[in-house]
Enquirer: 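Before we start, here is the structure in question, set down as C-alpha cells.
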Amino acid sequence: MSSLIRRPIVEDISTGSDSDYSNSWISWFLSSKGNEYFCEVEEDYILDRFNLTGLNTEVQSYSQALDLITDQLDEDIEDELRGSVEISARFLYGLIHARWIITSRGLAKMLEKYKKADFGRCPRVLCYSQPLLPIGLTDTPYEKAVKLYCPRCEDLYSPKSSRHGSIDGAYFGSTFPHMLFMVYPNMIPSKSTSDGKDDHHHRDRERSDKAPLGVGSVSTVAAATKAERYRPKIFGFHIHEVAKLQRWQDAVRDRQISQLEGLERGD
Amino acid sequence: MAQKAQPSGKRKREAESARNPQPEPRTRKSPFTSPRRMLTAPAGPGSAATPDALLVEGDDEDITALPDGEDATSMIEDQPEGDGYASSTPTSSLTWIAWFCSLPGHEYFCEVSEDFIEDDFNLTGLNILVPFWKEAMEMVLDVEPEDTLKIPDVSLVESSAELLYGLVHQRYILTRPGLQSMVEKYEAGHFGTCPRVYCQSCHVAPCGRSDLPGLDTVKLYCPNCHDIYTPPSSRFQGVDGAFFGTTFAHLMFQTYPELAPAPFCPSSSNSKFSPSRSPSVTPGTSSGNIQPSFINPNPHGGQKLPAGRVYTPKIYGFRVSERAKSGPRMQWLRMRPDSAAELDLVDWRGRWIANQSDDYDDESEGEGGPMENFDDDPAADDDDEEEEEEEDEQPAPPSAPSRSKGSSSAVRNWAINAWTPPALSVTAPQHSSSSQAPSALQKDAQAPDMSRPAPSPLAETDLPPPARSSISASLAKLALGPTAQYAAPGTEGKPILEHVWGRFGGAQAVR
C-alpha cells in the first residue's frame, strides 16, 4: 500500500486562483490570469541586491515581500499581514520586472513573448495584425495603466481587456520597446507591407548602395515611404479637408526623409 | 421590446427575455419562427450572429417539433394583407428588422424604416446581388410568403435576408433619416471608442473597406486620427463591411461637422485636455488662456478641437533620435499643424510651396492643380510668371510674384469694372515687339509704349498714362486670369492668351 507522501511545498498558495501547486511564487504569479504580459525574472537577478537599489523606499514591507517572491517567506504569519505582504510582493515584482526587461536577458525573454504575439495585435487595420509590446506612459507607479506600443505605426493603444487595462504601466516602463529595437534592430518591422519582421532588410538592400551607413547596417530612413494610409472617401471621392491634411503629413514625411538622407550622405 | 401594431400576416417573435419554453404562438409560421426562437436564446461564445450559425447551437428538440415547411399552411390563418392582430400572445412581438438589430454582434446596425425598403427604387440593382430575392424581401418585411413549399432550406433565405437587409442598410444610412439615427448611436457611444491612447477615447463610426459584400468585415473609423481599426470584440467578425459601406462614416462627418475634429491643432491645447465637444463659440477667451476659442476657418470642416498629441519614443526619458535606426519614422502619420494656414504650405501635389525662396524654375510652385484656380482670384497668377517664355525673360526681382499678385488683385478688382474687351484686341497687334517685357506694373516707364498705339479705347477710361499701362496690364491679366489654366498641352500652365500674346511679340500684358 503506497501512501501518498506529500513533499513539503515551500510556498503554499494563499490567495491563488489556481488550485495547482506551483513551484514558486513567481511561476504562480505568471500563471495567474491577467498576468500574461509579465515575463519571468531570473532568480539571480532578484537575489543580487544591487539590482533592487532604491526599491526598499517604494515598497511597504519590503523585506517580507522580497522573501515571498524568492520563496523564503516564513510561513507562520498572520493572515492580515499576509494579505498586505502579498500586495507588496506583486508591487515589488512589478518594479523589479520594469528593470529586468531592459537588461539583455530580460529583453531576450520579452522578445520570445513578442514573437508569439503574447501582448496582442495592433487594432489598426493597416498594421495587419502587427504584434504589440507593452509600455508604460510613465515610470512612476500608481499613475497610468500599461499601454501597448505598435512598432509599425509607432503608436500607443489601450489593451482590449479590462484585466490588462488595470496593470500599472510602471511595471514595464517607458523605455522597454525602444530598447528592444535598439538591441535587436532586425526585429524592426517593415512599415509598408503585411510581411513579417525582417523584410525591411530586403527592401533596404536595394537602397543600401545608395545610402551607405556603415558596415553591415541597413538604412531605415525611407521606411515610411511605402506605408499604407487609409484615405477617406465619399462615393469614391476624396474628402477635401482630410486630403489636405494628409498631403501635409506626407510632405512632412518626405521632408524628414530627405533630411535624414542628407545626413546619411553628408557624414 | 418594441411593440407595434402588425398586420396579421406578420410573424410574432418572442422577446429575448422570454426564455419560457412555451409552445409557439398560434400565429407564427412554423418554418421561420422555430429557428427564431432558438436564436433568441443565448448564443454560443463568440459565435457569429448569422442565423445559420445559431441554428446549429440551438436546442434540437425545438427543431424537430416543427418540421420545416411542412405544417406551414396549417399555421397560416390570415391573409397576408389583413389588418389587426391575430390572436395575441403574451410575449411581445418584434419585427424581423427589430429582431435583427437586437442580435448580439449587430449593435452597429440601425433600423431601416420600412418605407425605405418598400420603395423599389431604393433597391435598384440589389436583386442581382441577393439570391432568393422575393423570399428575402418577404422575410425582411414580415410578409407571409404565399408559397412556402418552394424553398427547401430556410437558412438560405435567412442568410439572403441578412444580405438584403445589410445592403439596404448601406444605402439607408446615407439618407437623411438614416444619418440621423446613426448619429444618435454614434453620440451614445454604441460604436465604441478609438483604441489609440492619444485619441482620448474619441468615438468611432463603423465603415467598410468595400461596398461589395463578401470581401471584408466591418471596421471602425476614428475621425481624430483618420484611421480604421478592427472592432475589439470578436462578435463583430461576422458583420460584413459592405453593410456599412465606404461612404457612410465620412458623409456623417461632413453632414455634422461639429462632430469632426479639425485638421489643425493649436499647440497650447495639445496636452492633456480632452477635446471639447462643443465648438468654438465661447467669445473672449482667446487671449492665450488655457482653452482658447477654437474655430476652424473652414466652415465645412471639422469644428471640434482635435486630440493632437503624438507619441515620442523615449529611452530613460531621452527622446530617441530620428537618426537612429529604430528612431521615429511614423510621427507624421498623426501630426497636425498648429494652424490652418500651415496646411496651405503644401500644394496640391504634396510638395512644399517655396514661398520664401524664389524657385522660379520650379513649376510646381503653383498653388493649385490645373483646374483648381478656375474662377479663382489672383492667387493663380503665380503661374503666369514662372514659366520660361520664348520672348520674355523673367523679371529678376524675387518680390515680383508677391507684389504683382497683390497689386494685380487690387487692380483687378478695379479693372473688372473698367474692362472693355475690344480694347485688348485692338491693342494687341499694335504692340511693338520687345523681347524684354518686364512687368508693366513695376515699370511704369513702359507706359508710353503701350498707351500710344491704342490711345482711343483706353482714353475713354480717363486715366493717367502710368496707370494706363498698369490698367492694360491688369486688363490683359484679367483676360488671362480665368483662362489662365486652359493651357495648351506643352505650355504647362502658360495661359493660352499669353501664348498668343507672345506671338504678337508684345506680351507686356503677361505680368
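The figures that follow rest on heavy atoms only: side chains count, while hydrogens, waters and symmetry mates do not. This one's a predicted model, so the numbers in the text were calculated from it and none came from an experiment. To find a chain, count down the sequence lines: A is the first, B the second, and so on, and within it residues start at 1.
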Enquirer: Could you check whether any side-chain heavy atom of A:R124 comes within less than 4.5 Å of a side-chain heavy atom of B:L333, counting everything from C-beta outward?
Expert: yes

Enquirer: So for B:L220, is it side chain, backbone, both, or neither that comes closer than 4.5 Å to the heavy atoms of chain A?
Expert: neither

Enquirer: Taking side chain as C-beta onward, heavy atoms only, is A:I102 less than 4.5 Å from B:Y316?
Expert: yes

Enquirer: Examine distances only and state if a side-chain atom of A:Q249 and a backbone atom of B:M335 form a donor-acceptor pair shorter than 3.5 Å.
Expert: yes

Enquirer: Apply side-chain contact (heavy atoms from CB on, under 4.5 Å) to B:N298 and list each qualifying residue two or more places apart in sequence or on a separate chain.
Expert: A:E241, B:N296, B:H300

Enquirer: Please list all pairs passing the salt bridge (charged side-chain N to carboxylate O under 4.0 Å, His left out) test where one or both residues lie in residues 169-178 of chain A, with sequence neighbours left out.
Expert: none

Enquirer: Begin from the C-alpha positions of B:Q331 and A:E154 and carry the test side chain to side chain donor-acceptor pair (under 3.5 Å) through to its verdict.
Expert: CA-CA 7 Å; B:Q331 288 193 322; A:E154 298 178 5; over 6 Å; no

Enquirer: Pick one of side chain, backbone, both or neither for B:K219, based on which atoms fall under 4.5 Å of a heavy atom in chain A.
Expert: side chain

Enquirer: At their closest point, which heavy atom of A:D155 faces which heavy atom of B:Y311, and how far apart are they?
Expert: OD1-CB, 4.3 Å

Enquirer: Does anything in residues 204-214 of chain B get under 4.5 Å of chain A by heavy atoms, and if so which residues?
Expert: B:C207, B:R209

Enquirer: Would you mind checking which part of B:P223 comes under 4.5 Å of any heavy atom in chain A, side chain (CB onward), backbone (N, CA, C, O), both or neither?
Expert: neither

Enquirer: Measuring heavy-atom distances to chain A, does B:E322 have an atom under 4.5 Å in its side chain, in its backbone, in both, or in neither?
Expert: both

Enquirer: Among all residues two or more places apart in sequence or in another chain, which pass the ring-ring contact (aromatic ring centres under 6.0 Å, His included) test with A:Y142?
Expert: A:F91

Enquirer: So does B:P337 get a backbone contact from the side chain of A:W248, meaning a donor-acceptor N/O pair under 3.5 Å?
Expert: no

Enquirer: Any Lys/Arg nitrogen of A:R247 or B:D347 sitting under 4.0 Å from an Asp/Glu carboxylate oxygen of the other?
Expert: no

